[in-house]
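Each chain gets a letter, A, B and so on, in the order the sequences are listed, and its residues count up from 1.
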Number of protein chains: 2
Amino acid sequence: MLQISKKVEYGLIAIRHMALQTGGCCTTAKEISDRYQIPFTLLAKVMQSLSRSGLIIPRQGVYGGYILTKSPANIKISDVINAIERVPQVALMQCETETEDSCTISHHCTIKSPLLKIQQTINNAFQTMTLQEILY
Amino acid sequence: MLQISKKVEYGLIAIRHMALQTGGCCTTAKEISDRYQIPFTLLAKVMQSLSRSGLIIPRQGVYGGYILTKSPANIKISDVINAIERVPQVALMQCETETEDSCTISHHCTIKSPLLKIQQTINNAFQTMTLQEILY
DNA sequence: TGAAATCGGACTATTTAAGTCGTAGTTTAA
DNA sequence: TTAAACTACGACTTAAATAGTCCGATTTCA
């Protein structure tokens, strides 16, 4: 529990790698998977997620790859998480991800709102920290 | 991801419930499971975990139940989490829970230590917040 | 045209979470 | 002393999420 998934981990590694690239146009998924020993097909999926969210731009064909669209300082950790994870927001309590009446104990559960404080703290941490901070 | 598990949720509810009890000696698992519609057998397991960690004391037999050993202000959220979850500390990166050489990318992985900052923030949130804060 | 790249969906396997079941042990009151 | 009302504990099942694979298609460029 409370662990970052492999996909997010791979995504962070990939974007960090791209941010450190100086010359050249594109970074390929293969390049990253080789460098960090990440399963290629899985990384490819992650890259697709990052593309869909606009963090990177894909370029197909020979000499293709991916291009980082922002500077590391402008990419929040939460951007990467949200691009990859299925649950859009960083939800701490499961209640938060469901409709009110789908929670069978919603009328009993009295710990929701207080725990939101913790969630807020975590959300804040991910939204405050940028890729810049994990470069070196 | 980054969600508190049902077990921890149930544990928090249970301890909070006990803290709010004024009279009487013991609170039974059945009482709590009825009140909050929590599966009894599962809650019983959670209570056992809480017992083993010393947060509550079990009392068997008729009129048995559990007794809270500390005041809510002296119970940290992390106490409850650690009592219930298998991973002792709130680990953010999976690397942290494994030995160095079991991580196949440890010599490539360069994002570990920076992300520890986030983990520290989360740890801190759970260690700072007490049960007192979720009573009302 | 062919090699090298992404794209996307379906698929499988593994792991974790959630919940159940059965049996044993303890205490107390009638 | 026996039945009721509890906890204790491990094995088990089920459900869901994660991790990873596979394949056919598309794009690009030499």
Review point. What nucleotide, of C:dG19, C:dC7, C:dT28, holds the atom closest to the side chain of A:S51?
Key: C:dC7
Exercise for review: Assign each of A:G64 and A:K45 to its nearest nucleotide of DNA chain C by heavy atoms, then name whichever residue's nucleotide is nearer the 5' end.
Suggested key: A:G64
Exercise for review: Please state whether the base of C:dT27 and the side chain of B:Q60 form at least one donor-acceptor pair under 3.5 Å?
Suggested key: no
Point to revise | Any A:R52 side-chain N or O less than 4.0 Å from OP1/OP2 of C:dC7 | key: no
Point to revise | 5'-most by nearest nucleotide on DNA chain C - A:G61 or B:G61 | key: A:G61
Practice item. Using a cut-off of strictly less than 4.0 Å, decide whether B:R59 has a side-chain nitrogen or oxygen near OP1 or OP2 of D:dA5. Key: no
Review point. Among C:dC7, C:dT20, D:dC6, which nucleotide sits nearest the side chain of B:T28?
Key: D:dC6
Review point. Looking only at side-chain N and O atoms, does A:T41 come under 4.0 Å of OP1 or OP2 in D:dG20?
Key: no
Practice item. Using a 4.0 Å heavy-atom cut-off across all strands, classify B:A29 as base, sugar-phosphate, or nothing. Key: sugar-phosphate
Can you list, pair by pair, the side-chain donor-acceptor contacts under 3.5 Å of residues 46-54 of chain A, counting residues two or more places apart and other chains?
from  : atom 1 : to    : atom 2 : distance (Å)
A:S49 : OG     : A:K45 : O      : 3.4
A:S51 : OG     : A:M47 : O      : 2.9
A:S53 : OG     : A:L50 : O      : 3.0

Study note, to complete from the structure: Closest of C:dC7, D:dC6, D:dG20 to the A:L42 side chain is D:dG20
**Study point:** Phosphate-side-chain proximity, B:Y66 and D:dA8, N/O vs OP1/OP2 below 4.0 Å
**Key:** yes
**Study point:** Closest listed nucleotide, where the reference is the side chain of A:V62 and the choices are C:dT6, C:dA18, C:dA3
**Key:** C:dA3
**Study point:** Donor/acceptor link under 3.5 angstrom from B:K7 side chain onto base of C:dG19
**Key:** no
**Study point:** Any A:Y63 side-chain nitrogen or oxygen under 4.0 Å from OP1 or OP2 of D:dT27
**Key:** no
